[in-house]
Amino acid sequence: MKEVAFGVYLADPKDGRNAEEKVLLPGKEVPEGAQIGDSISVFIYRDSKDRVIATTRQPQLSVGQTAVLKVKEVGRIGAFLEWELEKDLLLPFKEQTRAVKEGEECLVALYIDKSGRLCTTMKVYPYLRVGSPYQKDDKVTGRVYEVTERYGVYVAVDDCYSALIPKEEPVNDLSAGDQIEARVARVLEDGKLTLSLREKAYIQMNSDALRIMEMMKAQGGRLPFNDKADPQLIRNETGMSKNEFKRAVGNLYKQRLIVIEPGGIKMV
């Protein structure tokens, strides 16, 4: 560390080059009582004049990490996001997975672009962490960042852990940006999470049975299909898989609340 009128230059103790070639820490950023030779922790970035500069303020994310930031404004080259430093972060249009607007919050990752500047991307999949502390059947909160027909709904649990709701799951028209609560259905060998919006089978069966009863009441006491119907028809009509529907119908039948007919089920 070398002191000048407008701050101090920081030197890496492992690097023997001239201190003036190092990074400037402005005077207002120098910790009170700091002296030449002290070691301090700083964050390096380019300021509004494109100068490489240091700050003792610690932003909520570093290169390679993810965080939720607010859109300050949308310009001609992309959106600008607010964070702890004076210079806003650019979210280029090509790094947006959907159009964003002023005032909204979006999940992004921080990276260094080809010109050496800090930028953000909404394409966060490669930056999400694995090996979360969660186990099977734990309840988690997450943010949807991508919806695909091929695989399902991609979710960032706690805005940082990689997770997926498989396409077989009923997702109730989720879209990017939605915040959800889910259950961990499986922890994969690579540490990623498989999520479900449904409860465990023995719990969900009761709520599914109640839903079927409500559907029958709304349709005059009868559904025009039973548990032998086509799986896609059952999913389209009830939002359940064929196995879930079959369990719920069996539950109602055992309680003698319904009768099963060749072409449907009817309330007793």
Side-chain angles (χ1 to χ4, degrees), residues 42-48 53 55-113 115-134 138-149 151-167 169-185 191-197:
V42 296
F43 184 86
I44 307 297
Y45 71 108
R46 289 182 182 271
D47 67 6
S48 57
I53 200 166
T55 175
T56 52
R57 288 172 286 175
Q58 293 298 317
Q60 63 196 89
L61 78 167
S62 298
V63 173
Q65 296 180 342
T66 58
V68 176
L69 301 180
K70 180 181 287 188
V71 178
K72 182 176 182 179
E73 62 180 339
V74 178
R76 62 181 182 81
I77 60 173
F80 290 91
L81 312 180
E82 297 179 353
W83 69 330
E84 292 84 352
L85 304 188
E86 295 175 1
K87 184 180 180 181
D88 299 323
L89 284 170
L90 174 65
L91 173 59
F93 286 125
K94 66 182 180 65
E95 295 296 334
Q96 297 178 19
T97 55
R98 59 181 175 82
V100 299
K101 57 185 179 181
E102 182 180 331
E104 77 167 283
E105 294 185 332
C106 55
L107 177 68
V108 295
L110 187 65
Y111 72 99
I112 299 175
D113 69 8
S115 62
R117 297 177 179 83
L118 292 175
C119 272
T120 59
T121 177
M122 295 173 70
K123 302 171 185 178
V124 298
Y125 180 81
Y127 300 92
L128 293 175
R129 295 157 57 188
V130 296
S132 78
Y134 299 111
D138 283 349
K139 295 295 181 63
V140 297
T141 58
R143 190 180 305 264
V144 174
Y145 65 90
E146 186 177 0
V147 179
T148 68
E149 292 185 3
Y151 298 110
V153 178
Y154 287 93
V155 178
V157 170
D158 294 344
D159 295 327
C160 65
Y161 294 112
S162 184
L164 173 71
I165 303 174
K167 64 178 181 180
E169 282 270 329
V171 294
N172 301 321
D173 300 321
L174 291 177
S175 57
D178 289 347
Q179 296 185 63
I180 64 166
E181 293 186 356
R183 176 177 62 86
V184 177
K192 296 176 183 176
L193 304 175
T194 298
L195 304 182
S196 175
L197 297 179

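Numbers for residues simply follow the sequence, beginning at 1.
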_Does Leu174 form a side-chain contact (heavy atoms from CB on, under 4.5 Å) with Val155? I'd like the steps, not just the answer._
CA-CA 11 Å; Leu174 291 177; Val155 178; over 6 Å; no

*Decide side-chain contact (heavy atoms from CB on, under 4.5 Å) for Val71 and Lys101; before the verdict, give the C-alpha distance in whole Å, the side-chain angles of both, and the deciding distance to 0.1 Å.*
CA-CA 7 Å; Val71 178; Lys101 57 185 179 181; over 6 Å; no

Looking at [atom1] of [X] and [atom2] of [Y], how far apart are the two atoms once the value is rounded to the nearest 0.5 Å?
X      : Y      : atom1 : atom2 : value
Glu169 : Lys167 : CD    : NZ    : 13.5 Å
Tyr111 : Lys123 : OH    : NZ    : 8.5 Å
Ile165 : Leu197 : CD1   : CG    : 4.0 Å
Lys70  : Glu105 : NZ    : CD    : 6.0 Å
Lys139 : Leu195 : NZ    : CG    : 12.0 Å
Thr141 : Ile180 : OG1   : CD1   : 9.0 Å

*Start with the C-alpha gap between Leu118 and Trp83, add the side-chain angles, then the distance that decides, and say whether side-chain contact (heavy atoms from CB on, under 4.5 Å) holds.*
CA-CA 12 Å; Leu118 292 175; Trp83 69 330; 3.9 Å; yes

Would you name the heavy atoms of [X] and [Y] that are closest together and state the gap between them?
X      : Y      : value
Pro92  : Thr120 : CD-O, 3.4 Å
Ala79  : Val100 : CB-CG2, 3.7 Å
Arg98  : Cys106 : NH2-CB, 4.3 Å
Gly75  : Phe93  : O-CZ, 3.3 Å
Ala109 : Val124 : N-CG1, 3.8 Å
Val74  : Glu102 : CG2-N, 4.3 Å

Got [X] and [Y] here, is their nearest side-chain heavy-atom distance under 4.5 Å?
X      : Y      : result
Thr97  : Glu146 : no
Thr121 : Tyr127 : yes
Val63  : Leu110 : yes
Leu89  : Val108 : no
Met122 : Leu91  : yes
Asp138 : Pro133 : no

Over 12 foreign heavy atoms within 6.0 Å of [atom1], [X]:
X      : atom1 : value
Lys72  : NZ    : no
Tyr151 : OH    : no
Glu104 : CD    : yes

_Evaluation steps, side-chain contact (heavy atoms from CB on, under 4.5 Å), between Val157 and Ser132_ = CA-CA 9 Å; Val157 170; Ser132 78; 6.0 Å; no

*asked:* Quick one: does any side-chain atom of Thr66 pair with a main-chain N or O of Asp159 as donor and acceptor, under 3.5 Å?
replied: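 Yes, Thr66 side chain to Asp159 backbone: donor-acceptor pair under 3.5 Å.
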
*Between Asp113 and Ser115, is there a donor-acceptor pair closer than 3.5 Å when you use the side chain of the first and the backbone of the second?*
yes

*Mutual orientation of the aromatic rings belonging to Tyr134 and Tyr161 [parallel < 30°, tilted 30-60°, perpendicular > 60°]*: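 Perpendicular: the ring planes of Tyr134 and Tyr161 meet at over 60°.
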
